[in-house]
Asker: 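Please find one structure pasted underneath; my questions will follow.
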Amino acid sequence: MQPVIQHPWDITPSEAIDLQIRLSKLVVKQDQLGPISSIAGIDVAYHKENDTLIASIVVVDAESLEIIEEHAWSGTTSFPYVPGLFSFRELPSIVKLLSAITHRPDLIICDGQGIAHPRRFGLASHLGVLYDIPTIGCGKSRFIGEYSPPLNERGCQSGLFDGDKLIGAALRTQKNVKPVLVSIGHRISLETACHWVLNATRHYRLPETTRLADRYGRQFYEQNKQPITLPN
DNA sequence: GCGACAG
DNA sequence: ATCTTGTCGC
């Protein structure tokens, strides 16, 4: 997989904001997807002691959620965590990660927000526009916007509003569990996004895709933490 | 000025 | 995100 859009990553926060404003105009907020046979989850874990990070992706069958492919990439942190510029911290590593994938997924569920962002260009939207691929933002916590608690049943949801603007949904993926924040990433409607998040959510709060990516990332880290040296 | 602030 | 013990609940 290769990006269809190219832009520098070694930029200042000010330049990053200008870039977001320009690229945000390319986000497609309606359904523009074909048959969904495979879904991918992406996750990034950090290890402060080494300024190192692990980006991981797991591609699964959309119906059975069985693993089709999984990859991980170890890199270093170059951009600081700045609320609103999150994608500039994680995407450089994710781009390297995706260059190794052989199965292009039909849909990607991201850990973080899509257009539920000050400039309507969170991580999921940025990734989607970069690869012109359908993406969903599925965050564990709110970034911007307000919502009232959805009814306490799996599948119930309530709108996430930035003033009068509907920017996402608080979706209850399990009963008695805090809702996740779903938003349009790229080439998908909010309704369809919620549908696929529910489809990928089976026994836990988060989609299996992100859980599997998180698990693979941890596994990759443990495996490379203490390299095995064969005795001579 | 003060509080909030995806991962 | 990560640093971390106990603790409440099914």
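Reckoned from all heavy atoms, side chains included, excluding hydrogens, waters and symmetry mates.
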Asker: Are A/Ile167 and A/Leu127 in one and the same hydrophobic cluster, where Ile, Leu, Val, Met, Phe, Trp and Tyr link if side-chain heavy atoms are under 4.5 Å apart?
Answerer: no
Asker: What's A/Gly137 touching, base or sugar-phosphate or nothing? Going by heavy atoms closer than 4.0 Å.
Answerer: nothing
Asker: Under the side chain to side chain contact (heavy atoms under 4.5 Å, CB included) criterion, do A/Asn176 and A/Asn152 qualify, and how do the steps go?
Answerer: CA-CA 6 Å; A/Asn176 295 324; A/Asn152 190 23; 2.7 Å; yes
Asker: Are the side chain of A/Arg89 and the backbone of A/Phe79 linked by a donor-acceptor contact shorter than 3.5 Å?
Answerer: yes
Asker: Side chains of A/Thr76 and A/Asp51: do they bring a donor and an acceptor to under 3.5 Å?
Answerer: no
Asker: For A/Leu123 and C/dA1, what is the distance between atoms CG and C1' respectively, to the nearest whole Å?
Answerer: 13 Å
Asker: Distance check needed: B/dA4 P versus A/Asp162 CG, whole Å only.
Answerer: 18 Å
Asker: Which of these passes side-chain contact (heavy atoms from CB on, under 4.5 Å) with A/Ile36: A/Leu107, A/Ile188, A/Thr192?
Answerer: A/Leu107
Asker: Any side-chain N or O of A/Ser87 under 4.0 Å from OP1/OP2 of B/dA6?
Answerer: no
Asker: Identify whether any heavy atom of A/His117 sits under 4.0 Å from a base atom; if not, whether one sits that close to sugar-phosphate; answer base, sugar-phosphate or nothing.
Answerer: base
Asker: For A/Arg142 and B/dC5, is the shortest distance between a side-chain N/O and OP1 or OP2 below 4.0 Å?
Answerer: yes
Asker: Between B/dG7 atom P and A/Ile42 atom CD1, what is the distance in whole Å?
Answerer: 15 Å
Asker: Closer than 4.0 Å, any side-chain N/O of A/Lys140 to the OP1 or OP2 of B/dG7?
Answerer: yes
Asker: Which whole-number value in Å describes the distance from A/Tyr147 OH to B/dA4 P?
Answerer: 16 Å
Asker: Taking NZ from A/Lys48 and P from B/dG7, how many angstroms apart are they, rounded to a whole number?
Answerer: 19 Å
Asker: Run the side chain to side chain contact (heavy atoms under 4.5 Å, CB included) test on A/Leu206 and A/Asp214 for me, step by step, so that the C-alpha distance in whole Å, both residues' side-chain angles and the decisive distance to 0.1 Å come before the verdict.
Answerer: CA-CA 11 Å; A/Leu206 301 180; A/Asp214 178 89; over 6 Å; no
Asker: Test the A/Arg211-A/Tyr204 pair against the cation-pi criterion, namely NZ or CZ under 6.0 angstrom from the six-membered ring centroid and within 45° of the ring axis.
Answerer: yes
Asker: Write down the distance between CD1 (A/Ile144) and C1' (B/dG3), rounded to a whole number of angstrom.
Answerer: 16 Å
Asker: Return the value, rounded to whole Å, for the distance between atom CG of A/Asp51 and atom P of C/dA1.
Answerer: 18 Å
Asker: In terms of ring plane angle, is the pair A/His47 and A/Tyr221 parallel, tilted or perpendicular, where the classes change at 30° and 60°?
Answerer: parallel
Asker: Do any N or O atoms of the protein come closer than 3.5 Å to N or O atoms of nucleotides 4-10 of chain C, and which pairs are they?
Answerer:
none

Asker: Is A/Gly139 touching bases, backbone alone, or none of the nucleic acid, heavy atoms closer than 4.0 Å?
Answerer: sugar-phosphate
Asker: Which of parallel (below 30°), tilted (30 to 60°) and perpendicular (above 60°) describes A/Phe121 and A/His126?
Answerer: tilted
Asker: Measure from the side-chain heavy atoms of A/Ala45 and tell me the nearest of C/dT2, B/dA6, B/dC5.
Answerer: C/dT2
Asker: Are there runs of at least three consecutive Watson-Crick or G-U pairs touching DNA chain B, with each pair's two distances under 3.5 angstrom? Give them by first number.
Answerer: none
Asker: In this structure, how many angstroms lie between the P atom of B/dA6 and the CG atom of A/Leu181, rounded?
Answerer: 11 Å
Asker: Would you say A/Tyr81 reaches B/dA6's phosphate, i.e. side-chain N/O to OP1/OP2 under 4.0 Å?
Answerer: yes
Asker: Kindly check if the number of other-residue, nucleotide or ligand heavy atoms within 6.0 Å of CZ (A/Arg215) is above 12?
Answerer: no
Asker: Applying the 5.5 Å / 30° rule, does A/Tyr46 stack onto the base of C/dA1?
Answerer: no
